[in-house]
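Worksheet: one structure, shown below.
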Amino acid sequence: MANHRPTFYVTTPIYYVNDAPHIGHAYTTLACDVLARFKRLDGFDVLFLTGTDEHGQKVEKSALNAGVAPQSYCDSVSKLFRDLTGALDVSNDDFIRTTEARHVRASQALWRAIAARQSPAGRPNIYLGKYAGWYAIRDEAFYDEGELTLGADGRRRAPSGAEVEWVEEPSYFFRLSDWQQVLLDFYEKNPEAVLPATRRNEVTSFVRQGLQDLSISRTTFTWGIPVPDAPGHVIYVWLDALTNYITAAGYPDVDGGFARRWPADLHMVGKDILRFHAVYWPAFLMAAGLEPAKRVFAHGWWTNEGQKISKSLGNVIDPYQLIEQYGLDPVRYFLMREVPFGQDGDLSRAAMVRRRNVDLANDLGNLAQRVLGFIAKNCGAAIPKRQPFTEADQALTAAAASLLGRVRREIDQQSFHRALEVVWQVVAEANRYVDAQAPWALRKTDPVRMEAVLYVLCDLLRRLGIVLQPFMPQAMELWLDQLAVERDARDFGAYDRVLVSGINLPTPKPIFPRLVEDALQAKAPS
Ligand code: ME8
């Protein structure tokens with residue numbers, strides 16, 4: 001049967017297998033997970049893709065250093081990334097590896113499609129030439145002389161800090177220079193195709209300065225996808241890697257599900273790889289006669305206690321260790337809340353403990369504990385009776401009812417931090433309501449009113465639990481269990497259902513215990 005639900009296709013970058021996963025990878029993937037979960041609860045048919053980028057000189061070099069054949073090296077490191085999705089409770093629908101047959105086929109098909117067409121100036125999109133210039137293996141990127149800086153050690157470096165080397169080799173080129181105006185028109189017509197706005201401005205001014213043709217094949221090593229009908233050439237790893245997004249949507253079988261999935265709704269990327277996604281990728285796609293993705297969002301970078309994260313400084317953050325120390329859902333919450341999404345941020349232990357103890361344990365956890373603990377003792381452990389609402393009841397219920405719509409607006413702009421701020425405004429309002437209504441005092445003076453207040457609060461907790469599921473899936477599962485919310489009443493379609501009185505509630509348990517510094521010290525790495 002045809003599926004008529006609207007689709008939503010979101011991707012993470014595919015990660016290089018030259019190194020083990022770290023917090024940067026976890027961050028990008030978690031943001032996509034929140035989005036994918038949100039859209040599923042909102043009725044969308046979601047495809048959430050992540051995976052690994054396995055070709056190119058950098059990976060070949062790492063395999064060589066490890067003394068292992070490239071394919072078996074890729075197999076073992078790719079598995080680490082796949083395992084991480086499990087540890088983060090990430091709900092990806094597919095995990096792509098660029099060494100898979102489906103991807104080799106798609107990459108060669110895309111190459112052929114680009115080569116078969118002409119540029120806007122009526123010239124072949126791809127031509128054979130010779131590359132002579134600088135290349136950074138770490139970035140897998142070509143650089144102009146003018147972009148480089150000369151270090152004190154006499155070595156040239158790319159703006160990213162990566163070392164460059166001089167490369168001269170026969171190469172196929174993509175006629176990017178002919179795509180400048182088409183790209184500028186695309187950004188102009190699609191003002192939200194590159195976000196945040198500051199990044200969009202960087203991209204458009206880069207393109208306005210003029211584009212040079214791009215080398216898209218390499219001949220000095222072999223670990224890559226062969227260029228069709230061109231012995232000795234492998235496809236440039238970025239063209240190969242970007243193609244993963246259409247491979248997973250079914251390309252080159254354009255008559256299958258591809259039309260339903262493509263263009264992707266969102267490519268989430270780090271700011272360092274924006275140019276590849278917002279300039280080269282749309283140009284490649286348009287050159288092949290395909291539509292560019294609807295949006296590329298570039299997020300910022302994390303520092304560790306104020307310091308740039310780098311292997312040489314030895315301060316790389318292991319996501320497993322973070323989860324071990326603070327718990328998975330608090331880490332998910334912290335990463336989405338602490339920093340305005342799109343900006344750089346600092347991961348510090350003090351901030352992490354504060355978020356967990358103040359936002360989660362005090363504000364959110366105590367609210368549930370107070371309400372559910374009180375109901376267990378004083379209301380026969382069942383959802384209290386609904387009564388006509390007072391003005392205060394009405395105000396809090398209205399705030400909760402409109403919350404989902406307000407969160408949705410923020411999520412649709414990838415404003416995860418704002419989405420959570422909006423939720424916490426309602427949490428604060430609810431805590432003020434509990435204090436003002438003082439159900440513990442009503443127990444003696446007006447038990448009917450006490451039940452009314454607790455009913456309003458149960459309904460509010462139910463709505464908070466539903467809306468927070470994408471951010472903290474495991475904690476909110478327990479949360480909704482404690483409110484005896486049926487499994488089929490947890491999606492956004494059930495948000496406005498009327499809470500039924502009289503349903504028995506299980507014994508409440510604290511979901512967000514406070515972190516005690518001593519316990520934390522004991523768990524900290526030595
Ligand atoms: O670039 N803070 O792969 P990659 C936040 N294979 N994000 C960080 C970070 C930090 N400190 N460090 C890294 C690649 N990242 C290519 C992508 S897609 C077709 C090919 C993020 O393994 C970084 O910004 O280097 C990027 O989005 C991702 O981790 C890159 O991973």
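For ligands, and for the atoms within them, numbers begin at 1 and follow the listed sequence.
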Give me the pairs of N or O atoms, one from ligand 1 and one from the protein, that sit under 3.5 Å apart.
{"residue": "ligand 1", "atom": "2 (N)", "partner": "Trp302", "partner atom": "N", "Å": "2.9"}
{"residue": "ligand 1", "atom": "6 (N)", "partner": "Ile14", "partner atom": "O", "Å": "2.8"}
{"residue": "ligand 1", "atom": "6 (N)", "partner": "Asp53", "partner atom": "OD2", "Å": "2.7"}
{"residue": "ligand 1", "atom": "11 (N)", "partner": "Trp302", "partner atom": "O", "Å": "3.3"}
{"residue": "ligand 1", "atom": "22 (O)", "partner": "Tyr16", "partner atom": "N", "Å": "3.0"}
{"residue": "ligand 1", "atom": "22 (O)", "partner": "His25", "partner atom": "NE2", "Å": "3.2"}
{"residue": "ligand 1", "atom": "24 (O)", "partner": "Asp272", "partner atom": "OD1", "Å": "2.5"}
{"residue": "ligand 1", "atom": "24 (O)", "partner": "Trp301", "partner atom": "NE1", "Å": "3.1"}
{"residue": "ligand 1", "atom": "27 (O)", "partner": "Gly270", "partner atom": "N", "Å": "2.9"}

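- When ring centroids are compared, His25 and Tyr15 come within the 6.0 Å threshold.
- Taking 4.0 Å as the cut-off between side-chain N and carboxylate O, Asp265 and Arg295 do not count as a salt-bridged pair.
- Under the 4.0 Å criterion applied to side-chain N and carboxylate O atoms, Arg157 and Glu163 are assigned as salt-bridge partners.
- Arg37 contributes no side-chain N or O that, together with a main-chain N or O of Met472, makes up a donor-acceptor pair within less than 3.5 Å.
- Between Arg356 and Asp329 no salt bridge is recorded (no basic side-chain N to carboxylate O distance below 4.0 Å).
- In this structure, Arg175 has no side-chain hydrogen bond (donor to acceptor under 3.5 Å, both in side chains) partners at least two apart in sequence or on a different chain.
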